[in-house]
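Here is the structure we will look at, set down as structure tokens.
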Amino acid sequence: MNYIEPKTHLADLFGQAVAQVAPGSAIAIELERPKQASHGDYACNAAMQLARALKKNPREVAAQIVAALPASQLVAKTEIAGPGFINVFIKPAAKQALVGHVLAAGADYGRSDLGHGRKVQIEFVSANPTGPLHVGHGRGAAFGASLANCLAFVGYNAYREYYVNDAGRQMDILALSTWLRYLELNGEIVAFPGNAYQGDYVKAMAQAVAELHGGRYKRAAAEVVANAPDAVSDPEGHLDALIANAKALLGPDYAYIHGYALEEQLGDGRNDLTEFGVVFDHWFSERTLHDAGLIDRAVTALQKNGHIYEQNGALWFRSTDFGDEKDRVVKRDNGIYTYFAADIAYHLNKFERGFEQVIDVWGADHHGYISRVKGALKAAGADPDRLTVTLVQFAVLWEGGQKKSMSTRSGQYVTLRELRTEVGNDACRFFYVLRKSDQHLDFDLDLAKSQSNDNPVYYIQYAHARISRVLEAWGGDMADLQDADPTQLSQPQELALLDCLAEFPEICASAAREFSPHLVAYYLKDLAADLHGLYAACQFLVADEALKLARLALIAATRQTLRSGLALLGVSAPDKM
RNA sequence: GCCCUCGUAGCUCAGUGGAUAGAGCAUCCCCCUCCUAAGGGGAGGGUCGCCCGUUCGAUUCGGGCCGAGGGCACCA
């Protein structure tokens with residue numbers, strides 16, 4: 001028997017029946033999977049939805065719908081139950097046929113064309129390249145990558161992008177920090193500002209520059225701090241003055257220091273993410289927006305539409321017209337565009353590049369920023385609904401029942417690389433997406449590291465490994481499993497596993513539609529549990545050849561589904577543990 | 001003050017406009033002569049924060065309240 005996807009098929013049947021019973025009604029056919037087995041495989045609530053309009057008792061409407069239901073080779077029986085549910089029982093053979101279907105589809109099982117190939121861009125991580133990625137970035141990376149995988153799996157043309165803030169003040173601060181450390185190495189001691197970058201990686205870069213170029217960038221300490229405001233009373237002014245002095249003293253060499261620090265940190269982040277299984281189609285440079293005049297153009301567009309005014313020497317965007325609580329500066333009185341202005345230009349550019357939908361994955365601390373950006377897009381004549389911002393809350397690490405506190409400022413934070421080294425990429429990827437993205441995540445290091453059944457990653461991977469070991473012990477030709485007779489499968493654990501396997505495509509669709517890769521993680525836990533249940537209840541390598549092949553085919557299909565699901569989350573599927 | 005998120009078992013959290021609300025951990029009991037026990041089976045444990053509304057039906061949607069966390073720069 002060829003496999004027919006029951007839900008789509010039933011929705012079609014019910015649609016025909018409802019059209020006959022209640023012509024012209026426009027209800028959506030809803031089919032749910034009842035929690036209780038006695039309620040069948042699918043339940044339809046159409047009768048209850050129609051009862052009022054038809055002025056009839058729902059059970060009576062249900063009877064009419066059932067009578068009008070076209071014949072189907074899938075349906076074993078229907079029952080009218082409770083307040084008016086129509087419960088549908090699927091023939092075992094129709095369920096069993098899934099095994100051959102999954103094996104034939106292979107890695108494509110679960111794939112769909114929900115997205116119709118529409119271009120969707122997911123921008124994520126986008127951390128300032130001013131230091132190592134930390135565990136907060138890790139969550140955004142894991143979430144964004146998994147989401148992009150899900151979207152691609154259900155038929156979207158997913159494009160992964162990292163926005164590189166290579167033009168702003170933060171990069172200048174990094175360049176300055178590196179240079180000051182370099183001067184230290186060359187005997188020119190300048191008091192290192194508390195609001196400069198403190199991390200050891202800055203010293204490492206200074207050391208490297210010193211080794212590569214000796215004293216070439218050495219300048220007198222007194223000149224570096226000349227005319228700078230006091231570091232205590234005006235720390236930011238102090239820093240800005242030092243940056244200005246650095247640019248003046250170094251001239252064209254400043255660009256070298258700046259570029260060196262940028263490339264170092266960007267390269268480090270790229271390596272880190274690649275090792276984490278997170279890759280991007282494009283690293284978009286903020287500087288190119290400036291260089292191509294796109295920011296001028298964006299601000300001019302706003303100006304033309306009458307949304308810009310000047311005050312105190314700065315240019316303001318009247319974002320209050322678009323629901324923001326106060327107006328925002330786009331160009332400061334010193335003539336420098338704000339980050340906000342660059343962001344407007346960047347998002348307009350995204351649309352111009354033809355992405356029908358744009359998803360931004362931001363840290364939750366940016367949430368106040370959403371209305372501003374959307375408002376600006378609207379003001380510039382773009383459709384803000386094409387932008388979806390998904391917020392990712394911070395992750396808090398726990399170890400030995402203690403919260404690990406972090407402070408970016410002092411350079412004392414746990415880096416993503418440290419976390420990956422400590423708990424492994426698989427556990428990292430999985431734990432990061434185990435919670436809904438917009439919720440605080442308690443990352444339990446002890447649990448992530450533990451090689452026990454408490455650890456859901458191992459629980460799932462173990463299910464996969466177990467199947468591999470059985471198939472290996474069998475030693476037969478996998479192609480033979482295609483032709484196994486699935487009607488041999490009748491044990492409750494076998495049927496439960498079949499039902500679970502059948503849900504995979506819908507889980508993938510929901511995960512993509514709701515931007516919720518955690519649904520895949522939970523599904524995999526369920527699937528693994530069903531596999532372990534079957535494993536404990538039934539022997540696979542039995543004497544009865546037909547039964548053996550059927551069971552092996554079932555677990556081979558399960559292995560494929562586990563693999564596909566783990567791949568969506570970027571977690572490996574080991575054959576041996 | 002304004003905005004966002006959350007409140008479900010002792011703990012950490014899923015879930016859903018539907019029928020008797022789930023998992024893991026923790027507690028207690030049981031299961032390897034057998035393809036990996038990194039596993040399985042069972043028991044106990046709940047006013048889905050409170051109130052009102054919408055609905056044939058609300059834990060789910062809307063409003064209010066209470067409680068928790070986070071965010072509100074001429075920073076990036």
Side-chain angles (χ1 to χ4, degrees), chain A residues 30 32-36 38-39 43 45 47-49 51-52 57-58 81-85 87 126-128 130 165 167-173 195 236 286 311-316 323-334 336-340 342-343 363-372 391 393-394 396 398 434-436 438-442 444 447 450-463 465-474 493 516 518-519 521-523 525-526 528-529 531-542 551-552 555 576-577:
Chain A
E30 290 177 33
E32 57 162 28
R33 311 220 50 167
K35 292 165 197 150
Q36 243 183 294
S38 65
H39 293 153
N45 63 1
M48 289 178 288
Q49 289 188 68
R52 166 173 273 210
N57 163 331
F85 288 106
N87 293 334
S126 300
N128 283 341
T130 52
N165 299 115
R169 178 168 176 264
Q170 294 305 316
M171 269 313 300
D172 282 326
I173 297 173
N195 48 356
E236 298 305 318
E286 179 191 356
Q311 187 182 315
N312 301 335
L315 289 183
W316 295 71
D324 201 357
E325 49 197 27
K326 57 175 282 194
D327 293 341
R328 309 290 172 174
V329 171
V330 288
K331 195 174 194 176
R332 296 204 290 262
D333 59 3
N334 61 9
I336 295 172
Y337 284 116
T338 58
Y339 179 90
F340 178 43
D343 234 0
D365 54 329
H366 285 65
H367 105 78
Y369 210 69
I370 300 173
S371 59
R372 225 176 295 179
L391 297 179
Q393 281 286 359
F394 293 119
V396 178
W398 290 80
L434 201 48
R435 294 278 166 273
K436 280 184 283 197
D438 60 354
Q439 282 182 37
H440 299 267
L441 170 70
D442 286 327
D444 185 337
L447 183 58
S450 79
Q451 308 221 334
S452 76
N453 49 352
D454 300 351
N455 188 333
V457 187
Y458 286 97
Y459 184 80
I460 296 164
Q461 289 183 321
Y462 183 45
R466 271 185 147 177
I467 296 170
S468 290
R469 302 301 281 169
V470 172
L471 291 172
E472 193 181 298
W474 169 56
Q493 291 86 355
S516 298
H518 74 276
L519 294 175
Y522 279 92
Y523 170 77
K525 287 210 275 187
D526 287 342
L531 184 277
H532 289 308
L534 174 64
Y535 191 100
C538 299
Q539 193 79 12
F540 300 108
L541 301 174
V542 293
R551 285 188 175 155
L552 292 174
I555 62 171
K576 192 175 177 179
M577 290 173 72

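Note on naming: letters A, B, ... go to the chains in the order of the sequence lines (proteins, then strands), and numbering restarts at 1 for each one.
Nucleotide B:A38 is matched to nothing when pairs are restricted to Watson-Crick or G-U wobble geometry with both distances under 3.5 angstrom. When Watson-Crick and G-U wobble pairs are counted only if both distances are under 3.5 Å, B:G53 pairs with B:C61. Pair check for B:C72 finds B:G1; Watson-Crick or G-U wobble, both atom distances under 3.5 Å. Under the Watson-Crick or G-U wobble criterion, with both distances below 3.5 Å, B:G67 is paired with B:C6. In this structure, B:A19 makes no Watson-Crick or G-U wobble pair, since no nucleotide meets both defining distances under 3.5 angstrom. With a 3.5 Å ceiling on both atom-pair distances, B:A14 lacks any Watson-Crick or G-U wobble partner.
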task: Evaluate the side chain to side chain contact (heavy atoms under 4.5 Å, CB included) criterion for residues A:Arg551 and A:Val542: first the C-alpha distance (whole Å), next the side-chain angles of each, then the deciding distance (0.1 Å), finally the verdict.
output: CA-CA 9 Å; A:Arg551 285 188 175 155; A:Val542 293; 4.2 Å; yes
- prompt: Given the rule in the side chain to side chain contact (heavy atoms under 4.5 Å, CB included) test, do A:Asp365 and A:Leu391 qualify, once you have shown the distances and angles that lead to the verdict?
  reply: CA-CA 8 Å; A:Asp365 54 329; A:Leu391 297 179; over 6 Å; no
- request: Take A:Arg435 and A:His518 through the side chain to side chain contact (heavy atoms under 4.5 Å, CB included) test and state the conclusion after the steps.
  value: CA-CA 6 Å; A:Arg435 294 278 166 273; A:His518 74 276; over 6 Å; no
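Across the interface with RNA chain B, nearest-nucleotide mapping of A:Met48 and A:Ser516 shows A:Ser516 to be the residue nearer the 5′ end. Nearest-nucleotide positions on RNA chain B place A:Phe394 closer to the 5' end than the other of A:Phe394 and A:Arg328.
Going from atom NZ of A:Lys326 over to atom C1' of B:C75 covers 12 Å, rounded to whole Å. A straight line from CD1 of A:Ile460 to C1' of B:A38 spans 13 Å, rounded to a whole angstrom. Remark: C1' of B:A38 and CZ of A:Arg469 are 14 Å apart, rounded to the nearest angstrom. In this structure, A:Tyr535 atom OH and B:A38 atom C1' are separated by 12 Å, rounded to whole Å. In this structure, A:Asp438 atom CG and B:G71 atom P are separated by 15 Å, rounded to whole Å. Protein atom CD1 of A:Ile336 is 10 Å distant from nucleotide atom P of B:C75, rounded to whole Å. To the nearest angstrom, P of B:A73 lies 19 Å from CG of A:Asn334. In this structure, the CZ atom of A:Arg332 is 10 Å from the P atom of B:C74, given to the nearest Å.
Using modelled atom types, no side-chain atom of A:Arg332 and backbone atom of A:Val330 make a donor-acceptor pair closer than 3.5 Å. With hydrogens and angles ignored, the 3.5 Å screen pairs a side-chain donor or acceptor of A:Trp316 with a backbone N or O of A:Gln311. Without hydrogens or angle criteria, A:Asn455 side chain to A:Val457 main chain gives a donor-acceptor distance under 3.5 Å. Judged purely by atom type and a 3.5 angstrom limit, A:His532 uses its side chain to pair as donor or acceptor with the backbone of A:Tyr459.
Between B:C74, B:G15, B:A19, one nucleotide has an atom nearer to the side chain of A:Ala81 than all others, and that is B:A19. Closest to the side chain of A:Gln439, out of B:A76, B:A38, B:U5, is B:U5. Closest to the side chain of A:His440, out of B:G69, B:G71, B:A14, is B:G69. In this structure, of B:G15, B:G71, B:A76, it is B:G15 that holds the atom nearest to the side chain of A:His518. When the nucleotides B:C35, B:A19, B:A76 are ranked by their closest atom to the side chain of A:Tyr339, B:A76 comes out on top. Comparing B:U12, B:C74, B:C35 against the side chain of A:Asp333 picks out B:C74 as the nearest. Of the listed nucleotides (B:C75, B:G40, B:A14), B:G40 has the atom at the smallest distance from the side chain of A:Ala536. Of the candidate nucleotides B:C74, B:C35, B:A19, B:C74 has the atom lying nearest to any side-chain atom of A:Ala314. With distances taken from any side-chain atom of A:Ala473 to the nucleotides B:C13, B:C74, B:C35, the minimum falls on B:C35. Comparing B:U12, B:A76, B:A37 by their nearest atom to the side chain of A:Arg466 picks out B:A37.
Regarding the sugar-base torsion, B:C34 falls in the anti class, its angle being beyond 90° of 0.
For the P atoms, the distance linking B:G1 with B:U60 amounts to 27 Å, nearest Å. The same atom, P, is picked in B:C75 and in B:G67; the two are 36 Å apart, to the nearest Å. With both ends at atom C1', the span from B:G24 to B:G40 equals 15 Å, rounded to whole Å. Taking the C1' atom of each, B:G15 and B:U59 are spaced 10 Å apart, rounded to whole Å. Only the P atoms considered, B:A21 is 40 Å distant from B:C35, to the nearest whole Å. When the P atom is used for both B:A73 and B:C13, the distance is 29 Å, rounded to whole Å. B:U5 and B:G45 are spaced 35 Å apart, taking the P atom of each and rounding to whole Å. Across the C1' atoms, B:A58 and B:U47 are found 15 Å apart, a figure rounded to whole Å.
Per the stacking criterion (ring centres < 5.5 Å, plane angle < 30°), A:Tyr459 does not stack onto the base of B:A38. For the pair A:His367 and B:G70, the ring geometry does not qualify as stacking, because the centroid separation below 5.5 Å and plane angle under 30° are not jointly satisfied.
Between the CG atom of A:Asn87 and the CD atom of A:Glu32 there is a distance of 9.0 Å, given to the nearest 0.5 Å.
Heavy atoms of A:Lys525 sit nowhere under 4.0 angstrom from any nucleic acid atom. Looking at heavy-atom distances under 4.0 Å, A:Gln539 makes contact with a base. As judged by a 4.0 angstrom heavy-atom cut-off over every strand, A:Ala51 is placed among residues making no nucleic acid contact. A:Ala43 comes within 4.0 angstrom of a nucleotide base, judged by non-hydrogen atoms across all strands. Contact annotation for A:Trp474: no contact, since no heavy-atom pair falls under 4.0 Å across all strands. A:Gln493 comes within contact range of no nucleotide atom at all, as no heavy-atom separation falls under 4.0 Å. A:Asn128 comes within contact range of the sugar-phosphate backbone alone, with a heavy-atom separation under 4.0 Å but no base atom that close.
Aromatic ring orientation, A:Tyr339 versus A:Tyr369: tilted (interplanar angle from 30° to 60°).
A cation-pi geometry, defined here as NZ or CZ lying under 6.0 Å from the six-membered ring centre and within 45° of its normal, holds between A:Arg466 and A:Tyr535.
You'll find a donor-acceptor pair under 3.5 Å spanning the side chain of A:His366 and the base of B:A76, going by distance alone. A donor and an acceptor atom sit less than 3.5 Å apart, one in the side chain of A:Asn87 and one in the base of B:A19.
Applying the 4.0 Å criterion to OP1 and OP2 of B:C6, one finds that A:Gln393 has every side-chain N and O outside that range.
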